Amino acid sequence: MKLSDSSYVKQLKIIQHLNEGGKMKNKHFINGQWLASANNDTFAVINPATEQVISHVPAGNKDDINKAVMAARQAFDCGPWPKMSGTERSAYLKKIAKIINRRLDEITEIEVLDNGKPHPEAKWDIEDTAGTFEFYANLACELDEQPEQSIALSEPGFSSKAVKEPIGVAGAIIPWNFPLLMAAWKVAPALAAGCTMVLKPSEVTPLSALLLAEVIEEAGLPEGVINIVTGLGASAGQALAEHPDVDKLAFTGSVPTGSKIMSMAANDVKNVSLELGGKSPLVVFEDTDIDKAVEWIMFGIFWNQGQVCSATSRVLVAESIYPALLSRLVEEAKKITIGAGDINGVLLGPLVNATQFVKVKAAIDKAVSDGATLVTGGERPKNFDKGYFLQPTILTDMTEDSFIWQEEIFGPVVCVKPFSTEEQAIEMANNSRFGLAAAVMSKDLTRCDRVAKAFRAGIVWVNCSQPTFVEAPWGGYKQSGIGRELGQWGLNNYLETKQITRYDSEEAWGWYIK
Ligand code: NAD
């Protein structure tokens with residue numbers, strides 16, 4: 001496996017920026033300044049395609065988080081940010097989007113090196129990141145258009161209105177699968193709302209968040225509005241979640257960590273929103289074009305190496321087309337080009353790190369020992385002696401209560417099962433502790449609508465799977481989370497609603513003083 005010469009040169013430049021020339025070297029971004037970690041500890045960042053260390057970043061601890069929260073608190077309580085009009089804040093968001101677009105290539109390269117995803121997918125993420133800032137820039141302006149909502153009261157003599165206000169200091173803790181995009185889903189609406197924030201990126205992929213700090217610095221945001229601290233979950237993450245001066249916690253990650261975050265938030269009753277895992281079904285009815293179904297299944301499960309919260313990990317196929325669809329899916333899965341994300345034409349990169357590789361491989365092995373059939377994949381591809389590469393994997397014949405059918409694997413692993421009736425398909429699809437996404441494919445749109453309404457999931461795709469739009473709400477039912485991101489819903493995550501009620505009569509109220 002060899003990188004092309006131009007990719008190699010680009011990588012060298014980026015690594016140099018990170019390790020030598022860049023002012024971000026070993027620094028957090030706190031109160032508008034680049035600060036070393038309180039204890040000078042760092043951790044290594046590894047390219048999952050080569051297993052090489054590409055950088056070191058600070059391992060933030062309680063003291064670093066404390067500094068960052070204090071900066072955000074000061075910026076919220078005494079700074080200009082929450083008092084600015086939405087239109088003024090919008091100008092900063094637009095600037096951020098513009099700088100990201102200008103640095104698109106470089107940020108894309110970093111994301112590929114850090115996360116391993118194929119270059120076109122990384123580019124798409126960074127374009128979406130800029131798009132998210134643009135979208136919330138527009139919503140920030142809309143806040144000025146509707147600053148208050150008058151409320152009709154049943155009691156005469158009173159008038160009332162509801163106003164929206166920023167919630168305060170937000171703490172954002174994010175995962176590694178879409179590093180910069182997941183940051184944008186939180187930073188952009190928080191900024192639009194007038195909140196200040198401390199962001200802790202995943203320790204697995206911290207680099208693009210540090211580039212975001214550079215972008216924020218260039219955009220000239222007031223000091224302390226956005227603070228970025230790199231570090232491990234159990235130290236920096238926990239310190240942020242437990243900090244008494246944080247008003248709101250916005251978390252994206254696994255269910256076990258989400259549950260811990262919720263307990264920590266409960267200690268001082270913080271507002272919390274959680275975007276957690278999934279085990280999303282796709283139901284394919286017999287009238288579906290098999291090629292179209294195979295295309296969406298593959299996009300649903302092999303995009304980003306299956307490391308997608310909404311990944312199409314359970315496929316339910318009408319039994320009349322099950323054999324034909326399965327054989328077509330296997331044929332196409334075997335053709336997928338595997339390799340480092342910066343090689344042209346690669347569709348499947350490495351898993352994000354050694355831990356994830358071991359976890360996914362163990363899940364496949366367990367599925368087989370539990371009785372499932374490994375139809376294709378399940379191994380590190382031949383000719384790859386380095387990198388966390390895993391073949392596209394298709395499993396069948398598992399039981400409905402098996403680990404592989406019920407648990408989130410977070411890798412390029414799809415389980416396929418036949419069904420006989422619509423009722424059975426819905427029951428099987430809903431038989432999960434997760435409820436993030438679900439999809440249905442059929443030419444009969446009435447049936448699609450019926451099934452879409454019957455799914456117990458926050459996101460439903462009809463005749464497709466995965467397309468995600470910044471305008472539409474994103475979030476899960478059941479253990480897949482609490483609250484919604486994106487669209488107007490994402491902005492509401494960072495807004496409080498206050499009622500202001502006035503007594504308009506000239507006379508005393510007359511309860512005590514008659
Ligand atoms: P994770 O839960 O291991 O880590 C997520 C973040 O939490 C990281 O920043 C980590 O450092 C931090 N963390 C870990 N322990 C912590 C603690 N005790 N206190 C505070 N913070 C802590 O998840 P991951 O492996 O990074 O990401 C994969 C998971 O994220 C999957 O389950 C996936 O489904 C989920 N996810 C969900 C969505 C969604 O929108 N619903 C989107 C992307 C990923």
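Counting starts at 1 for both ligands and their atoms, following the listed order. Everything numeric here is computed off the predicted structure, so don't read it as measured data. Residue numbers count from 1 along this sequence.
Between the side chains of Ser402 and Lys366, no donor-acceptor pair of N or O atoms lies under 3.5 Å. Between Ser313 and Glu408, the side chains place no donor N or O within less than 3.5 Å of an acceptor N or O (distance only, hydrogens not considered).
Residue Phe410 holds the heavy atom nearest to atom 33 (C) of ligand 1 of all those in Phe251, Trp176, Phe410. With atom 35 (C) of ligand 1 as the reference point, the heavy atom nearest to it among Pro201, Ala311, Gly253, Ser259 is part of Gly253. Nearest-residue assignment for atom 34 (O) of ligand 1 (options Glu275, Met182, Glu408; heavy-atom criterion): Glu408. Between atom 8 (C) of ligand 1 and the options Leu249, Val204, Leu274, Ile174, the minimum heavy-atom separation is to Ile174. Checking Val255, Thr257, Ile173, Thr205 against atom 4 (O) of ligand 1, the nearest heavy atom belongs to Thr257. In this structure, of Ser202, Ala236, Gly233, the residue bringing a heavy atom nearest to atom 13 (N) of ligand 1 is Gly233.
Asn115 contributes no side-chain N or O that, together with a main-chain N or O of Val352, makes up a donor-acceptor pair within less than 3.5 Å. Using a distance-only test at 3.5 Å, with no hydrogens or angles considered, a donor-acceptor pair links the side chain of Asp114 to the main chain of Leu207. Judged by distance alone, with hydrogens and angles left aside, the side-chain atoms of His119 form no donor-acceptor pair with the main-chain N or O of Ile343 at under 3.5 Å. Using modelled atom types, no side-chain atom of Tyr477 and backbone atom of Ile459 make a donor-acceptor pair closer than 3.5 Å.
Ranking protein heavy atoms by distance to atom 11 (O) of ligand 1, first place goes to Glu203 OE1, 2.5 Å. The shortest contact between atom 20 (C) of ligand 1 and any protein heavy atom is with Gly237 C, 3.2 Å. With respect to atom 23 (O) of ligand 1, the closest heavy atom belonging to the protein is Ser254 N, 3.4 Å. Atom 40 (O) of ligand 1 has Trp474 NE1, 2.9 Å as its closest protein atom, hydrogens excluded (heavy atom only). Here the heavy atom of the protein found nearest to atom 27 (O) of ligand 1 is Pro175 CB, 3.3 Å.
Any N or O atom pair closer than 3.5 Å counts here, and Ser480 shares no such pair with ligand 1. Where the criterion is an N or O separation shorter than 3.5 Å, residue side chain and backbone included, Trp185 fails it with respect to ligand 1. In terms of polar-atom proximity, defined here as any N/O pair under 3.5 Å, Thr252 makes no such contact with ligand 1. At least one N/O-N/O distance between Leu276 and ligand 1 falls below 3.5 Å.
For ligand 1 and Cys309, the ligand atoms under 4.0 Å from any heavy atom of the residue are 33 (C), 34 (O), 36 (N), 37 (C), 38 (C), 39 (C), 40 (O), 41 (N), 42 (C), 43 (C), 44 (C). Under a 4.0 Å criterion applied to the non-hydrogen atoms of Met264, ligand 1 contributes the atoms 19 (N). Residue contact check: Asn177 has heavy atoms under 4.0 Å from atoms 43 (C), 44 (C) of ligand 1. Of all the atoms in ligand 1, the ones that sit under 4.0 Å from a non-hydrogen atom of Gln238 are 18 (N), 19 (N), 20 (C). Atoms of ligand 1 lying under 4.0 Å from at least one heavy atom of Ile261, given by number and element, are 20 (C), 21 (N). Within the listing of ligand 1, atoms 32 (O), 34 (O) sit less than 4.0 angstrom from a heavy atom of Gly277.
Salt bridge annotation for Glu407-Arg433: present, with a cationic side-chain nitrogen under 4.0 angstrom from a carboxylate oxygen. The pair Glu111-Lys123 fails the salt-bridge criterion, with no side-chain N (NZ, NE, NH1 or NH2) lying under 4.0 Å from an Asp/Glu carboxylate O. Under a 4.0 Å N-O distance rule, the pair Asp449/Lys453 qualifies as a salt bridge.
A search for ring-ring contact (aromatic ring centres under 6.0 Å, His included) contacts involving Tyr388 returns nothing, not counting sequence neighbours.
The neighbour count for Met262 CE, taken as heavy atoms of other residues, nucleotides or ligands under 6.0 Å away, does not exceed 12.
For Phe178 and Trp185, the ring centers sit 6.0 Å or farther from each other.
Checked against Phe251 for a side chain to side chain contact (heavy atoms under 4.5 Å, CB included), the options Leu240, Ile261, Val272 give a single hit: Ile261.
Every heavy atom of Phe178 sits 4.0 Å or more from the atoms of ligand 1.
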